[in-house]
Amino acid sequence: DLIVHVRDITHPETILQKATVLSVLKNLNIPSHLLDSMVEVHNKVDLVERYKPTEENALAISALHGHGLEELKEEIEKKILTATGKKILTVNINLEGPQLSWLYKEATVQEVEVMAEDGTARVKVIIGNSALGRYKNLFPY
């Protein structure tokens, strides 16, 4: 669903390495939509003073120090959701009903926040359009 190209930005041949990777991917007949949506990651930015990527849409990270990893995670999540046609939603449910069980079977439950005082829960899920449509039909309120 997604290609993440991580480069050592401190390597003296980093530009040539990128060209080589792109050439290999094209020779493997990787679909163009995957090449177009590829996430470009520049690693080891902690070793370059005030590093700013010159390439459009490149993310600067330091895996060693954790710099930029949250942004990378968000970008990967966004592109995967786009590629798979899924959404992240938070729904409020009644814990006495079958909604939570249904969501565990038909979607990916990420978080459940229980409000014990009123017997409800706030559920964060990753769900596809068809499953969301079925959910709305089964549980209109």
Side-chain angles (χ1 to χ4, degrees), residues 1-139 141:
D1 293 321
L2 180 66
I3 297 172
V4 178
H5 181 209
V6 180
R7 291 171 44 201
D8 174 353
I9 209 64
T10 65
H11 192 283
E13 299 294 334
T14 189
I15 302 296
L16 180 60
Q17 288 176 333
K18 177 183 179 178
T20 302
V21 167
L22 291 176
S23 175
V24 168
L25 291 173
K26 286 177 185 169
N27 288 336
L28 290 173
N29 294 319
I30 300 293
S32 61
H33 73 275
L34 282 176
L35 293 175
D36 294 341
S37 66
M38 181 168 53
V39 176
E40 178 79 19
V41 180
H42 295 177
N43 190 26
K44 297 189 180 181
V45 298
D46 54 299
L47 300 177
V48 179
E49 193 173 326
R50 291 199 265 300
Y51 180 79
K52 292 276 188 225
T54 56
E55 298 167 44
E56 192 177 327
N57 299 323
L59 298 171
I61 71 163
S62 169
L64 180 65
H65 298 287
H67 170 77
L69 295 181
E70 191 59 36
E71 292 85 357
L72 175 58
K73 178 184 161 210
E74 289 170 8
E75 182 68 11
I76 289 171
E77 184 175 85
K78 181 178 84 175
K79 293 226 176 175
I80 289 290
L81 290 172
T82 299
T84 60
K86 296 190 177 184
K87 299 176 176 134
I88 296 179
L89 297 176
T90 300
V91 294
N92 294 314
I93 63 163
N94 182 332
L95 289 171
E96 292 179 4
Q99 291 99 323
L100 186 57
S101 175
W102 191 94
L103 288 169
Y104 269 109
K105 287 180 195 164
E106 301 294 331
T108 302
V109 175
Q110 291 193 306
E111 293 175 20
V112 178
E113 181 186 349
V114 174
M115 274 70 79
E117 61 278 357
D118 64 0
T120 65
R122 192 170 295 122
V123 184
K124 183 178 175 185
V125 296
I126 300 173
I127 191 166
N129 287 329
S130 62
L132 180 58
R134 290 191 310 274
Y135 179 84
K136 287 178 177 179
N137 284 337
L138 288 168
F139 313 107
Y141 304 104

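Counting begins at 1 with the first residue of the sequence.
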For residues Val91 and Ile127, determine if any side-chain heavy atom of one lies less than 4.5 Å from a side-chain heavy atom of the other.
no
Could you tell me which residues satisfy side-chain hydrogen bond (donor to acceptor under 3.5 Å, both in side chains) with Thr10, sequence neighbours excluded, listed by chain and number?
Asp8
Return the orientation label for the Tyr135 and Trp102 ring planes: parallel under 30°, perpendicular over 60°, tilted otherwise.
tilted
So which heavy atom on Val125 is nearest to which on Ala107, and how close?
CB-CB, 4.3 Å
Flag side-chain contact, heavy atom, 4.5 Å: Thr20 against Glu13
no
Of all residues at least two apart in sequence or in a different chain, which pass the ring-ring contact (aromatic ring centres under 6.0 Å, His included) check with Tyr51?
His42
Only distances under 3.5 Å count here; give the side-chain donor-acceptor pairs of residues 57-69 to other protein atoms, sequence neighbours excluded, each with its distance to 0.1 Å.
| from | atom 1 | to | atom 2 | distance (Å) |
| --- | --- | --- | --- | --- |
| Ser62 | OG | Asp46 | OD1 | 2.8 |
| Ser62 | OG | His65 | N | 3.2 |
| His65 | NE2 | Asp46 | OD2 | 3.4 |

Who pairs with Asp1 by side-chain hydrogen bond (donor to acceptor under 3.5 Å, both in side chains), at least two apart in sequence or on another chain?
none
About how many Å separate CD of Glu96 and OG1 of Thr120, when rounded to the nearest 0.5 Å?
10.5 Å
Sequence neighbours left out, what pairs pass salt bridge (charged side-chain N to carboxylate O under 4.0 Å, His left out) with at least one residue falling in residues 55-69?
Arg7-Glu55, Lys18-Glu55
Could you list the residues that satisfy side-chain hydrogen bond (donor to acceptor under 3.5 Å, both in side chains) with Glu75, not counting sequence neighbours?
Lys78
According to salt bridge (charged side-chain N to carboxylate O under 4.0 Å, His left out), does anything in residues 112-123 pair up with another residue at least two apart or in another chain? List the pairs.
Glu113-Arg122
Partner set under salt bridge (charged side-chain N to carboxylate O under 4.0 Å, His left out) for Lys86, not counting sequence neighbours:
none
To the closest 0.5 Å, what do you measure between CD1 (Ile9) and OG1 (Thr54)?
7.5 Å
Any residue meeting side chain to side chain contact (heavy atoms under 4.5 Å, CB included) with Gln110, in chain and number order, not counting sequence neighbours
Glu77, Ile88, Lys124, Ile126
Going by salt bridge (charged side-chain N to carboxylate O under 4.0 Å, His left out), name the residues that satisfy it together with Lys87, two or more places apart in sequence or in a different chain.
none
Could you give all pairs that pass the side chain to side chain donor-acceptor pair (under 3.5 Å) test and reach residues 27-38, with sequence neighbours left out?
none
Pairing residues for Leu95 by the side chain to side chain contact (heavy atoms under 4.5 Å, CB included) criterion, not counting sequence neighbours:
Ile93, Leu100, Val114, Ala121
